[in-house]
A.B. asks: 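The structure follows.
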Amino acid sequence: MYDMKWIRDNPEAFDTGLKRRGLEALSSKILEMDKEYRAMQTAQQELQSKRNALSSQIGSVKKQGGDVEAIMKEVSEIKNKMADMDEQVRQKGLEIFETLSALPNTPDASCPEGFDDKTNVVIRQVGQKPTFGFTPKEHDELGFGLGMMNVEQAGRVSGARFTYLKGPLARLERALGQFMIDLHTTEHGYTEMEVPLMVKDDAAFGTGQLPKFREDLFQTTNGFWLIPTAEVSLTNYVAGRILDEKELPIRVTALTPCFRSEAGSAGRDTRGMFRQHQFYKDELVSIVAPEKSFEELERMTKCAEEVLQKLGLAYQVVCLSAGDMSFTSHKTYDLEVWLPGQNKYREISSCSNCGSFQARRMDARFKKNGEKGTQYVHTLNGSGVAVGRALIAVMENYQQEDGSIVVPEVLRPYMGGLEIIKPIK
RNA sequence: GGAAAGGUGGCAGAGUGGUCGAAUGCGGCAGACUCGAAAUCUGUUGUACAGCAUGUCUGUACCGAGGGUUCGAAUCCCUCCCUUUCCGCCA
């Protein structure tokens with residue numbers, strides 16, 4: 001959500017931001033609406049002021065036993081005008097709100113130009129891609145070969161984009177999740193949270209899923225939204241609050257299932273469990289003072305990278321181009337992990353600095369020591385990392401010619417010491 | 001799910017139709033006293049928006065949320081949300 005004052009002061013920057021997102025300039029239209037709105041508001045307030053003055057006059061005149069007929073008549077005339085005025089102000093306010101709440105965040109100056117992944121810029125590549133003396137398989141083939149992944153039966157039970165995992169492979173996924181959250185809580189200063197998986201409209205609006213992306217979400221019959229990411233619950237932890245400067249930065253993490261309808265991605269990544277309606281993810285969220293958010297984005301990205309490094313996975317860090325970022329983001333780094341079976345780098349994490357965009361939507365502010373007034377916090381979120389995709393990456397990178405999977409060192413304590421996952425005979 | 005009681009400023013808590021943005025206490029901040037601190041005393045202390053005369057300015061709104069009644073609502077009515085207690089059900 002944009003700050004109208006900022007648009008007033010920076011109409012060109014606002015339009016440039018929209019343009020870089022592939023949208024047309026709107027500043028003149030919005031500022032026109034704003035001007036009308038404020039004029040209406042002023043008129044409305046004058047009427048209210050008059051009414052208040054007369055009303056309190058009625059009180060005191062009555063007390064002295066005077067006649068209030070004339071004053072009451074005057075007030076009722078004002079009231080008639082007010083009803084009209086109120087409605088106009090309400091309409092205009094709503095129009096502005098709806099316009100603004102549908103606009104994506106401004107890209108940072110450092111984001112590359114472009115509207116899709118073709119223009120994204122690789123910042124660094126880390127780790128060694130494994131070499132194989134055979135043609136590496138994709139994860140679904142490996143899982144099937146192990147006898148521990150069943151998409152077909154999941155299809156019968158739940159439809160497309162669901163998977164059964166079994167035995168050691170199921171445990172490997174759980175091990176990955178545990179490993180990640182332990183790493184972030186013990187080494188990266190994040191506090192573990194257990195969060196609601198179902199949220200109300202306001203929460204989904206706050207993090208930017210609503211109103212524009214409702215078709216991407218699942219909703220229960222009584223109106224709850226299933227979280228598509230723990231970002232929603234974690235970030236809304238500060239919704240509607242005025243924090244003390246001392247409380248910042250807030251760094252929280254949660255390992256949760258995520259639910260996504262994947263509307264609009266029909267036919268994409270239909271093999272295996274790369275793109276599911278339901279998957280685990282360890283999410284990182286930071287709530288920081290405005291001047292700290294860029295530094296925090298680098299830090300958060302490093303925390304996510306560390307997961308891949310410890311797992312011995314090769315990856316690249318990509319800076320998303322202005323038009324390829326999510327709705328709420330001001331600047332985003334994606335981590336793309338090397339998948340030998342697919343012979344490609346694929347997204348496994350996305351770390352975003354949302355600036356005050358979400359904070360404004362959810363009204364999350366903080367107070368600076370000794371200063372008057374409040375400021376909006378900056379919010380950041382990042383996957384640290386997607387567990388299902390990490391499982392895919394481990395399977396593909398650690399596969400052996402016979403289809404077995406070597407368990408990465410760091411996961412063995414979580415696997416009861418198991419070193420290799422062998423096919424069920 | 002049923003019944004009851006509630007939701008007021010950072011916290012506690014008063015206020016049940018008019019001078020109430022709201023008593024009082026605690027806390028916070030500033031000052032006095034003190035070598036310093038504690039105690040004590042004095043003052044001060046919400047947020048957002050609009051306006052211009054840009055000010056220790058004026059106005060408007062906000063007492064869970066949204067509607068309604070009224071000249072006037074923290075106060076009355078309706079709906080919803082949430083909390084607490086009891087009962088029922090339940091992983």
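Heavy atoms only: backbone and side chains are in, while hydrogens, waters and symmetry mates are out. Note that the structure is a prediction, hence the values are computed from the model and not measured. Numbers restart at 1 for each chain; the letters A, B, ... are given by sequence-line order, proteins then strands.
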A.B. asks: Give me the distance, rounded to whole Å, that separates B:G51 from B:A12 when you measure between the C1' atoms they each carry.
C.D. replies: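 Per the computed distance, 38 Å lies between those C1' atoms.
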A.B. asks: Once each nucleotide of nucleotides 49-55 of chain B is scored for protein heavy atoms under 4.0 Å, what B/S/- sequence comes out, 5' to 3'?
C.D. replies: SSS----
A.B. asks: Under the side-chain contact (heavy atoms from CB on, under 4.5 Å) test, which residues partner A:S404, sequence neighbours left out?
C.D. replies: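 Applying side-chain contact (heavy atoms from CB on, under 4.5 Å) to A:S404 gives A:Q400, A:D402, A:I420, A:K422, A:P423.
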A.B. asks: For A:R214, enumerate each residue passing the side-chain contact (heavy atoms from CB on, under 4.5 Å) test, keeping only those at least two apart in sequence or located in another chain.
C.D. replies: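 Partners of A:R214 by the side-chain contact (heavy atoms from CB on, under 4.5 Å) criterion, ordered by chain and then number, come out as A:L210, A:W225.
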A.B. asks: Say we look at B:A74 and B:C89: how far apart would their C1' atoms be, to the nearest angstrom?
C.D. replies: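 Result for the C1' pair: 38 Å, nearest Å.
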A.B. asks: Looking across every strand, which nucleic acid part, if any, lies under 4.0 Å from A:K73 by heavy atom: base, sugar-phosphate, or nothing?
C.D. replies: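 Touches nothing.
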A.B. asks: Side chain to side chain donor-acceptor pair (under 3.5 Å) with A:D182: which residues, sequence neighbours excluded?
C.D. replies: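 Per chain and number, A:D182 pairs via side chain to side chain donor-acceptor pair (under 3.5 Å) with A:Y414.
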A.B. asks: In whole angstrom, what separates A:K81's NZ from B:C71's P?
C.D. replies: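 Checked: the NZ to P distance equals 17 Å.
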A.B. asks: Please identify which of these residues, A:K29, A:K92, A:R8, A:K5, meets the side-chain hydrogen bond (donor to acceptor under 3.5 Å, both in side chains) condition with A:D34.
C.D. replies: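 The passing option is A:R8.
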A.B. asks: Name all residues meeting the side-chain contact (heavy atoms from CB on, under 4.5 Å) criterion together with A:K19; count only those two or more places apart in sequence or in a different chain, and write none if there are none.
C.D. replies: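 In terms of side-chain contact (heavy atoms from CB on, under 4.5 Å), with neighbours along the sequence ignored, A:K19 is linked to no residue.
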A.B. asks: Fill in the dot-bracket string of RNA chain B, one character per base: . for unpaired, | for a pair to another strand, ( ) or [ ] for pairs within the strand, taking Watson-Crick or G-U pairs under 3.5 Å.
C.D. replies: ((((((((.[[[..)..(.....]]]((((((.......))))))(((((((..).)))))).[[[[[..)....]]]]])))))))....
A.B. asks: Run the salt bridge (charged side-chain N to carboxylate O under 4.0 Å, His left out) test against A:E347 and tell me which residues pass, sequence neighbours left out.
C.D. replies: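 If we apply the salt bridge (charged side-chain N to carboxylate O under 4.0 Å, His left out) test to A:E347, skipping adjacent residues, there are no hits.
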A.B. asks: So what does A:I58 touch, heavy atoms closer than 4.0 Å: a base, only the sugar-phosphate, or nothing?
C.D. replies: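 Here A:I58 touches the bases of the nucleic acid.
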A.B. asks: Considering residues at least two apart in sequence or located in another chain, which fulfil the side-chain contact (heavy atoms from CB on, under 4.5 Å) criterion with A:E295?
C.D. replies: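 Result, side-chain contact (heavy atoms from CB on, under 4.5 Å) vs A:E295: A:K292.
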A.B. asks: Rounded to the nearest angstrom, tell me the gap between atom CG in A:D86 and atom P in B:A61.
C.D. replies: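 In whole Å, B:A61 P and A:D86 CG are 10 Å from each other.
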A.B. asks: Classify the nucleic acid contact of A:N52 as base, sugar-phosphate or nothing, counting any heavy atom under 4.0 Å across all strands shown.
C.D. replies: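 Contact class for A:N52: sugar-phosphate only.
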A.B. asks: Got a sec? Which of residues 358-367 of chain A come in under 4.0 Å of RNA chain B, heavy atoms?
C.D. replies: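 Correct list: A:R365, A:K367.
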A.B. asks: Expressed as a whole number of Å, how far does the C1' atom of B:C26 sit from that of B:C82?
C.D. replies: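 These two C1' atoms come out 26 Å apart once rounded.
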A.B. asks: Please measure how far the P atom in B:G68 lies from the corresponding atom in B:C86, and state the result in whole Å.
C.D. replies: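 Those two atoms are separated by 38 Å.
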A.B. asks: I'd like to check the salt bridge (charged side-chain N to carboxylate O under 4.0 Å, His left out) partners of A:R171; sequence neighbours left out, ordered by chain and number.
C.D. replies: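 Salt bridge (charged side-chain N to carboxylate O under 4.0 Å, His left out) list for A:R171, sorted by chain: empty.
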A.B. asks: Could you name each residue pair satisfying ring-ring contact (aromatic ring centres under 6.0 Å, His included) that touches residues 146-183 of chain A, not counting sequence neighbours?
C.D. replies: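 Output for this query lists A:F162-A:H277.
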A.B. asks: Which whole number of Å gives the distance between the C1' atom of B:C77 and that of B:U70?
C.D. replies: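 The answer is 12 Å between these two C1' atoms.
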A.B. asks: Taking N or O atoms only and anything under 3.5 Å, show me the protein contacts with nucleotides 20-22 of chain B, one pair per line.
C.D. replies:
none

A.B. asks: A:V89 and A:Y37: which non-hydrogen atoms are nearest, and at how many Å?
C.D. replies: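 Smallest interatomic distance, heavy atoms only, reads O-CE1, 3.4 Å.
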A.B. asks: Counting the atoms with a prime plus P, OP1 and OP2 as sugar-phosphate, which does A:S76 contact under 4.0 Å by heavy atoms, base, sugar-phosphate, or nothing?
C.D. replies: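 A:S76: no heavy atom of the nucleic acid under 4.0 Å.
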A.B. asks: Given the P atoms of B:U69 and B:G15, what is the spacing between them in whole Å?
C.D. replies: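 That atom pair is separated by 28 Å.
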A.B. asks: If I pick the C1' atom on B:U79 and the same atom on B:G72, what distance separates them, to the nearest angstrom?
C.D. replies: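 The answer is 24 Å between these two C1' atoms.
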A.B. asks: Quick one: label A:S60 by what it contacts on the DNA or RNA (base, sugar-phosphate, nothing), any heavy atom closer than 4.0 Å.
C.D. replies: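 Touches nothing.
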A.B. asks: CZ of A:R51 versus P of B:G18: gap in Å, rounded?
C.D. replies: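 To the nearest whole Å, that distance equals 16 Å.
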A.B. asks: Can you tell me how far C1' in B:U40 sits from the matching atom in B:C33, rounded to whole Å?
C.D. replies: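 Roughly 9 Å separates the two C1' atoms.
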A.B. asks: Roughly how many Å is it from CE in A:M72 to C1' in B:G18, rounded to a whole number?
C.D. replies: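 Distance check: A:M72 CE to B:G18 C1' gives 13 Å.
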A.B. asks: Write down the distance between NZ (A:K50) and P (B:C71), rounded to a whole number of angstrom.
C.D. replies: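 In whole Å, B:C71 P lies 19 Å from A:K50 NZ.
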